[in-house]
**Student:** 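One structure coming up, written as structure tokens, with questions to follow.
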Amino acid sequence: MEYCSQQYFLGVEMDRFEIIKNIGQEIITEEELRRLLEEKKHPVAYDGFEPSGIAHLPVGVYRPLLLKDLITAGVKVKLLLADSFAWINNKFGGDLEKIRDAGRYFIEVWKAAGVDMKKVKVIWHKDFFDDPEYWKKVILIAKNHSLTRTKRSLAIAGREADDSQPTAFVFYPSMQCADIFHIKADICQLGMDQRKVNMLAREISGKKGMKEQLDYVDCGVDGRPVIVSHRMLMGLKGPVKGKGFDENSGIDVEISSKMSKSLPETAIFVHDSKEEITKKINSAFCPMKVVEGNPILEYCKEIIFRSSHELEVKRPPKFGGDVTFYSYAELEKAFVSGDLHPQDLKIAVAERLNELIEPIRDHFEKNTKAQELYETVASYEITR
RNA sequence: CCCGGCGUAGCUCAACCUGGUAGAGCGGUGGACUGUAGAUCCACUGGUUGCUGGUUCAAAUCCGGCCGCCGGGACCA
């Protein structure tokens with residue numbers, strides 16, 4: 001079976017707007033996105049990524065699907081490998097070379113996941129360090145918002161912004177905003193956990209005279225970036241209580257519950273064997289008939305039906321026999337009614353996730369160079 | 001450079017004062033119960049006590065040195 005990007009939904013061809021809308025859990029604003037697509041045939045979207053750890057479901061499988069959707073919608077994708085941010089964040093003990101190895105490894109993951117890397121522009125953030133224009137923008141942004149505001153948007157890095165943190169973190173939001181203008185991104189396509197920084201960027205470039213000074217006049221809509229924030233995939237254990245990332249308790253729970261590379265028991269990795277995937281999915285939180293906060297249903301919606309138009313659930317005759325769902329809505333309805341039992345769904349989901357992961361896993365097992373890269377990064381993880 | 005606080009299980013901490021080779025919660029693993037998971041019970045799993053020297057029959061504990069983190073001060077302005 002071949003999995004393609006979701007260009008069709010219920011058999012109806014989706015237009016560019018709908019494809020992008022389907023990526024975003026939150027879009028600021030839909031109206032501006034519509035305008036942007038009317039004004040530009042190939043707007044630029046960017047996603048920033050701090051290289052660290054080993055690729056898991058959200059980064060190794062979900063992101064490639066979103067990238068493919070963006071490409072399908074005619075969007076020019078710039079992938080910012082935020083090596084310097086990882087450095088600030090002390091990933092791999094703050095060893096920039098190790099961080100860059102991780103970056104190279106992730107590129108390999110995305111290739112293996114079927115992203116046409118020729119259509120994606122990879123940018124290494126550290127290269128900005130040599131450009132005075134970049135720093136000018138950073139300072140300009142810093143001049144235009146308060147320290148309080150910086151701290152408030154710092155929760156993005158997944159840490160509480162208390163005053164005992166290194167001063168380096170203060171640069172983080174201003175730099176991240178500057179990135180948007182510096183690479184002239186029309187769309188910020190990042191996760192919900194990054195929304196505050198993106199909102200800050202909108203606010204700042206919207207100030208009088210700023211889009212000119214930031215050299216962002218013809219970008220975004222009226223010189224302000226459009227924000228398309230994708231959902232944060234939940235960890236296998238389901239929702240956890242909010243840790244204070246956002247005032248909105250729903251968003252707070254979503255960010256707090258995200259599948260984390262540093263919690264292997266709650267995450268599926270692209271190198272996991274079929275047996276491991278089956279075992280992990282089977283032990284996942286999955287309350288019967290409940291959709292809210294149910295990771296398995298979420299994976300169905302965000303991954304399975306984004307990469308395919310159907311899901312076959314095999315089950316013994318005494319439980320109703322085999323059944324195939326042709327849309328997420330259909331599957332959700334059956335699950336809520338109780339017609340679809342969690343156990344049966346889990347088996348089908350594990351099977352499908354394995355099919356999606358298989359080519360990635362295989363690539364790293366068969367390609368010597370890729371394998372070396374993976375082993376190198378994995379060894380950094382252990383000695384970290 | 002000086003003063004103070006801290007450093008114990010994967011995490012948060014207790015035991016230090018009044019030496020007797022470490023406990024709890026959370027987590028993890030396994031069972032019971034559910035046609036999944038969770039919840040709930042039951043069991044299991046957990047540590048070179050930052051490093052080092054000393055005192056002592058005996059050091060997480062007392063003393064010295066070092067390292068690291070945090071805070072304050074001094075110097076400089």
Side-chain angles (χ1 to χ4, degrees), chain A residues 52-54 56-57 87-95 147 151 154 157-170 233-245 253-269 272-304 311-323 325 328 331-354 378-384:
Chain A
S52 88
I54 294 302
H56 61 344
L57 208 57
W87 180 50
I88 289 177
N89 250 333
N90 272 322
K91 296 285 167 65
F92 296 119
D95 187 328
L147 197 50
K151 286 190 201 167
L154 252 178
R159 61 186 72 237
E160 299 85 62
D162 65 274
D163 289 348
S164 68
Q165 296 299 323
T167 307
F169 290 133
V170 171
L233 289 187
M234 230 180 292
L236 293 164
K237 298 290 176 192
V240 300
K241 71 174 203 291
K243 293 172 185 168
F245 292 111
V253 167
E254 178 182 339
I255 298 172
S256 305
S257 308
K258 72 178 178 182
M259 188 182 278
S260 166
K261 290 188 287 247
S262 55
L263 300 171
E265 293 311 314
T266 75
I268 290 175
F269 296 91
D272 283 348
S273 67
K274 184 176 183 179
E275 291 68 34
E276 282 167 318
I277 294 168
T278 304
K279 194 181 166 223
K280 284 180 177 178
I281 290 295
N282 190 50
S283 61
F285 180 67
C286 187
M288 196 184 289
K289 299 182 187 181
V290 178
V291 175
E292 182 78 15
N294 188 324
I296 300 298
L297 267 286
E298 189 182 81
Y299 305 157
C300 285
K301 184 181 185 184
E302 295 295 333
I303 293 179
I304 292 176
L311 179 67
E312 186 184 16
V313 175
K314 287 182 179 163
R315 53 186 183 185
K318 67 167 173 171
F319 294 134
D322 297 356
V323 59
F325 299 98
Y328 171 72
L331 178 141
E332 184 181 297
K333 195 180 161 200
F335 189 80
V336 171
S337 72
D339 289 344
L340 178 58
H341 190 275
Q343 176 71 87
D344 297 322
L345 178 62
K346 278 182 170 180
I347 293 166
V349 167
E351 177 78 28
R352 183 60 70 81
L353 289 182
N354 180 60
S379 76
Y380 294 161
E381 278 294 290
I382 296 161
T383 56
R384 189 160 53 124

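Just so you know, these numbers use all the heavy atoms, side chains as well, and skip hydrogens, waters and symmetry mates. Chain identifiers are assigned alphabetically (A, B, ...) following the order of the sequence lines, protein sequences preceding nucleic acid strands; residue numbering begins at 1 within each chain.
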**Student:** According to side-chain hydrogen bond (donor to acceptor under 3.5 Å, both in side chains), who are the partners of A/S260, at least two apart in sequence or on a separate chain?
**Tutor:**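 Applying side-chain hydrogen bond (donor to acceptor under 3.5 Å, both in side chains) to A/S260 gives A/S262.
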**Student:** Could you say whether A/E265 or A/F319 is positioned toward the 5' end of RNA chain B, judged by the nucleotide with the nearest heavy atom to each?
**Tutor:**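 This one resolves to A/E265.
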**Student:** So what is the 5' to 3' dot-bracket string for RNA chain B, if pairs are Watson-Crick or G-U wobble with both distances under 3.5 Å, crossing pairs use [ ] and | means the partner sits on another strand?
**Tutor:** (((((((..((((......[..))))((((((.......))))))....(((((..]....))))))))))))....
**Student:** When the P atoms of B/rC26 and B/rC41 are compared, how many Å lie between them, rounded to an integer?
**Tutor:**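 Their P atoms lie roughly 10 Å apart.
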**Student:** How about NZ on A/K301, more than 12 heavy atoms from neighbouring residues, nucleotides or ligands closer than 6.0 Å, or not?
**Tutor:**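 12 or below, so no.
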**Student:** Determine the Euclidean distance between corresponding P atoms of B/rC62 and B/rC1; express it in Å to zero decimal places.
**Tutor:**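 The same atom, P, in both gives a distance of 26 Å.
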**Student:** Which whole-number value in Å describes the distance from A/L263 CG to B/rG27 C1'?
**Tutor:**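 Answer to the nearest Å: 10 Å.
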**Student:** Is a side-chain donor or acceptor of A/H341 paired with a backbone partner of A/F319 at a separation under 3.5 angstrom?
**Tutor:**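 Absent.
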**Student:** What interatomic distance, in whole Å, is found between P of B/rG47 and the corresponding atom of B/rA9?
**Tutor:**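 These two P atoms come out 10 Å apart once rounded.
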**Student:** Sequence neighbours left out, what passes side chain to side chain contact (heavy atoms under 4.5 Å, CB included) with A/K280? Give chain and number order.
**Tutor:**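 Side chain to side chain contact (heavy atoms under 4.5 Å, CB included) list for A/K280, sorted by chain: A/L236, A/I268, A/F269, A/D272.
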**Student:** Expressed in angstrom and rounded to an integer, what is the separation of A/E351 atom CD from B/rU36 atom P?
**Tutor:**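 Computing the A/E351:CD to B/rU36:P distance gives 21 Å.
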**Student:** Atom CZ of A/F335 to atom C1' of B/rG35: distance rounded to whole Å?
**Tutor:**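 One finds 13 Å between C1' of B/rG35 and CZ of A/F335, rounded.
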**Student:** List for me each residue that meets salt bridge (Lys or Arg N to Asp or Glu O under 4.0 Å) alongside A/E332, sequence neighbours excluded, and say none if there are none.
**Tutor:**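 A/E332: no salt bridge (Lys or Arg N to Asp or Glu O under 4.0 Å) contacts found.
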**Student:** How would you list, by chain and number, every residue that makes a side chain to side chain contact (heavy atoms under 4.5 Å, CB included) with A/S257, sequence neighbours excluded?
**Tutor:**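 Testing A/S257 for side chain to side chain contact (heavy atoms under 4.5 Å, CB included), a comparison that skips the adjacent residues, returns A/M234, A/P239, A/V240, A/V253.
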**Student:** Would you give a per-nucleotide map of nucleotides 68-77 of chain B, 5' to 3', where B means the base has a protein non-hydrogen atom under 4.0 Å away, S means only the sugar-phosphate does, and - means neither?
**Tutor:** --SS------
**Student:** Any non-hydrogen side-chain atom of A/L345 less than 4.5 Å from a side-chain atom of A/C300?
**Tutor:**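 In short, these two side chains touch, coming nearer than 4.5 Å.
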**Student:** Using atom C1' in both nucleotides, what's the gap between B/rU55 and B/rG19 to the nearest angstrom?
**Tutor:**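 So the two C1' atoms sit 11 Å from each other.
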**Student:** When the C1' atoms of B/rG25 and B/rA14 are compared, how many Å lie between them, rounded to an integer?
**Tutor:**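 The same atom, C1', in both gives a distance of 10 Å.
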**Student:** In whole angstrom, give me the gap between the C1' atoms of B/rC13 and B/rA60.
**Tutor:**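 It works out to 14 Å between them.
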**Student:** Can you list everything that forms a salt bridge (Lys or Arg N to Asp or Glu O under 4.0 Å) with A/K274? Sequence neighbours excluded, please.
**Tutor:**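 Here the qualifying residues are A/E351.
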**Student:** List for me each residue that meets side-chain hydrogen bond (donor to acceptor under 3.5 Å, both in side chains) alongside A/E302, sequence neighbours excluded, and say none if there are none.
**Tutor:**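 Partners of A/E302 by the side-chain hydrogen bond (donor to acceptor under 3.5 Å, both in side chains) criterion, ordered by chain and then number, come out as A/Y62, A/R306.
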**Student:** Distance check, C1' atoms only: B/rC66 and B/rG7, in whole angstrom units.
**Tutor:**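 Going atom to atom, C1' in each nucleotide, I get 14 Å.
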**Student:** Give each protein N/O atom lying under 3.5 Å from an N/O atom of nucleotides 37-42 of chain B, with the pair distance.
**Tutor:**
| unit_1 | atom_1 | unit_2 | atom_2 | d |
| --- | --- | --- | --- | --- |
| B/rA37 | O4' | A/A284 | O | 3.3 |
| B/rA37 | O4' | A/K346 | NZ | 3.0 |
| B/rA37 | O2' | A/S283 | O | 3.1 |
| B/rA37 | O2' | A/A284 | O | 2.7 |
| B/rA37 | O2' | A/F285 | N | 3.1 |
| B/rA37 | N3 | A/C286 | N | 3.3 |

**Student:** Could I get the full list of side chain to side chain contact (heavy atoms under 4.5 Å, CB included) partners for A/E312, not counting sequence neighbours?
**Tutor:**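 For A/E312, the residues satisfying side chain to side chain contact (heavy atoms under 4.5 Å, CB included) (neighbours in sequence not counted) are A/K314, A/D322, A/T324.
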**Student:** Would you kindly give the NE2-to-C1' distance between A/H341 and B/rG35, to the nearest whole Å?
**Tutor:**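 So the two atoms are 5 Å apart, to the nearest Å.
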**Student:** Got a sec, which residues hit side-chain hydrogen bond (donor to acceptor under 3.5 Å, both in side chains) with A/E276, two or more places apart in sequence or on another chain?
**Tutor:**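 Once residues adjacent in sequence are excluded, the partners of A/E276 under the side-chain hydrogen bond (donor to acceptor under 3.5 Å, both in side chains) criterion are A/S273.
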**Student:** Taking the C1' atom of each, how far is B/rU40 from B/rG50, in whole Å?
**Tutor:**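 Rounded to whole Å, the distance is 40 Å.
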**Student:** Going by side-chain hydrogen bond (donor to acceptor under 3.5 Å, both in side chains), name the residues that satisfy it together with A/Q343, two or more places apart in sequence or in a different chain.
**Tutor:**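 side-chain hydrogen bond (donor to acceptor under 3.5 Å, both in side chains) check on A/Q343 returns A/N282.
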